[in-house]
Amino acid sequence: MITFPNELSISSIMISTALGHSGRGFFPYLLFPNYRRLVSTIKQEKISVAAKSSTHFPRIGNFVMKDPRIWKYVQRLPNTGMLNAYGLTNDGVEKCAEQIAISQKKGFNVIPNFYPEFDKGEETAIKETLEAIETFYFYFGTEKWIQELNVSCPNSEEVIAKNIQMVSRCVTKIKKSYPNIVIIVKTSIVHPYHFYTMLEDAGADCIHAVNTIPYEMVFNSISPLKHVGGGGVSGGSAFQKTFPYVREIPKYTSLPLIFGCGVVNQYNMEMCFEIGKRFARPVSVSICTLAARTPKQARKLIYRSLEKRG
Ligand SMILES: Cc1cc2nc3c(=O)[nH]c(=O)nc-3n(C[C@H](O)[C@H](O)[C@H](O)COP(=O)(O)O)c2cc1C
């Protein structure tokens with residue numbers, strides 16, 4: 001569990017984006033009884049849920065739920081893995097904020113996730129991010145909430161390398177206007193370690209490492225989704241690559257950490273908590289693919305974590 005100085009907290013295990021943009025589950029997954037059971041457990045146990053990313057304006061990525069041909073952009077991989085080139089399809093921050101506020105009123109512990117579009121240039125991206133924060137503020141009716149910024153995008157490694165300065169300045173500007181918001185920055189495996197030091201200096205409160213990772217980094221071959229950007233690998237297929245990267249992060253920052261990408265069993269989860277112990281650092285573990293692909297296993301893992309850590 002991570003508790004922040006303003007008393008907001010993140011549960012020891014958290015669900016990352018697998019409950020959709022509202023954070024209370026989404027179609028067609030809600031048709032499956034095991035997924036519905038998982039959603040009820042998450043609500044009942046007050047498990048933190050990071051919503052899927054919203055952008056300032058509605059955005060159509062590669063994935064359109066109603067078009068069955070597009071489901072090929074979300075593929076299964078061995079060892080409870082997944083490859084997705086979803087591409088940030090969302091209805092825009094206004095609708096997402098409204099839905100998240102409804103989820104919060106219904107008793108879900110939802111953390112909004114916003115994707116600043118730095119490809120539009122720094123000034124626009126920061127302006128839009130501050131407007132998005134205003135929108136969340138309007139719907140939440142409080143100046144105190146946990147906000148995740150998704151600054152990772154496995155489809156564009158070079159862009160990520162250039163963006164680290166802009167991200168840091170964006171964090172500083174948000175914290176200046178809204179000191180009571182807890183900022184989690186969700187990073188990518190391609191980020192250099194000094195980025196974590198920069199984020200702490202910029203005023204970030206927590207790091208979530210890491211988002212899905214490029215296909216080529218896991219399989220040493222060309223992605224079957226190359227024509228739509230390559231896509232990101234998640235779930236069990238990713239753990240062997242992500243763990244050696246994330247376990248080094250505490251050497252570069254003293255911030256609390258959410259570790260994820262590849263956690264599919266208790267063994268993976270405990271390895272992540274071990275990093276926290278070794279560095280005397282509050283740690284939470286995030287899961288997404290496990291919740292989407294095998295919700296029954298995800299539920300078991302949640303209960304395991306609650307048994308051991310409350
Ligand atoms: C189909 C799919 C869609 C995702 N969408 C988002 C998103 O909108 N925003 C985000 O920050 N991460 C997104 N992610 C990344 C997950 O939240 C998570 O960080 C990643 O899958 C690694 O964790 P895992 O191995 O437990 O799945 C998505 C992952 C998948 C599989």
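Just follow the structure's listing: the first ligand is 1, and inside any ligand the first atom is 1. The structure presented is a predicted model; accordingly, all values stated were derived computationally and were not measured.
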Can you tell me how far [atom2] of [Y] sits from [atom1] of [X], rounded to the nearest 0.5 angstrom?
X      : Y      : atom1 : atom2 : result
Ser234 : Asn84  : OG    : CG    : 6.0 Å
Ile183 : Leu149 : CD1   : CG    : 5.0 Å
Lys95  : Thr135 : NZ    : OG1   : 14.0 Å

**Item:** Distance-minimising heavy-atom pair for Glu117 and Ala125
**Value:** O-CB, 3.5 Å
**Closest non-hydrogen atom pair between Ser22 and Gln99, with its separation** = CB-CB, 3.9 Å
Tell me, which protein residue and heavy-atom name are nearest [atom], and how many Å apart are they?
atom                    : value
atom 15 (C) of ligand 1 : Asn211 OD1, 3.0 Å
atom 21 (O) of ligand 1 : Ser234 CB, 3.2 Å
atom 20 (C) of ligand 1 : Thr212 CG2, 3.7 Å
atom 30 (C) of ligand 1 : Asn84 ND2, 3.3 Å
atom 26 (O) of ligand 1 : Cys288 N, 2.9 Å
atom 28 (C) of ligand 1 : Thr17 OG1, 3.6 Å

**Prompt:** Parallel, tilted or perpendicular: which describes the rings of Tyr35 and Phe26, with under 30° parallel and over 60° perpendicular?
**Reply:** perpendicular
Of the listed options ([options]), which comes nearest to [atom] when hydrogens are ignored and any heavy atom counts?
atom                    : options                     : value
atom 7 (C) of ligand 1  : Ser53, Ser16, Ala291, Ala18 : Ser53
atom 22 (C) of ligand 1 : Cys261, Ser54, Ala50        : Cys261
atom 12 (N) of ligand 1 : Lys186, Glu148, Lys52       : Lys186

Heavy-atom pairs closer than 4.0 Å: do any link ligand 1 to the side chain of [X], the backbone, both, or neither?
X      : answer
His208 : neither
Thr289 : both
Asn113 : side chain

**Request:** Could you tell me if any non-hydrogen atom of Ala238 lies under 4.0 Å from any atom of ligand 1?
**Result:** no
**Salt bridge Lys251-Glu248, side-chain N to carboxylate O under 4.0 Å** = yes
**Prompt:** Going by the order shown, which atoms of ligand 1 are within less than 4.0 Å of some heavy atom of Met82?
**Reply:** 31 (C)
**Message:** Within the 4.0 Å heavy-atom shell around Gly235, which atoms of ligand 1 are there?
**Reply:** 24 (P), 25 (O), 27 (O)
**Prompt:** Does one side chain, of Asn79 or Ser237, offer a donor that lies under 3.5 Å from an acceptor on the other?
**Reply:** no
Is any N or O atom of [X], backbone or side chain, closer than 3.5 Å to an N or O atom of ligand 1?
X      : value
Ile287 : no
Gly262 : yes
Val74  : no

**Asked** Do Tyr252 and Phe195 have their ring centres less than 6.0 Å from each other?
**Response** no
**Prompt:** Do Gln75 and Met82 come close enough that some side-chain heavy atom pair is under 4.5 Å?
**Reply:** no
**Asked** Do Gln147 and Trp145 come within less than 4.5 Å of each other through their side chains, counting heavy atoms only?
**Response** yes
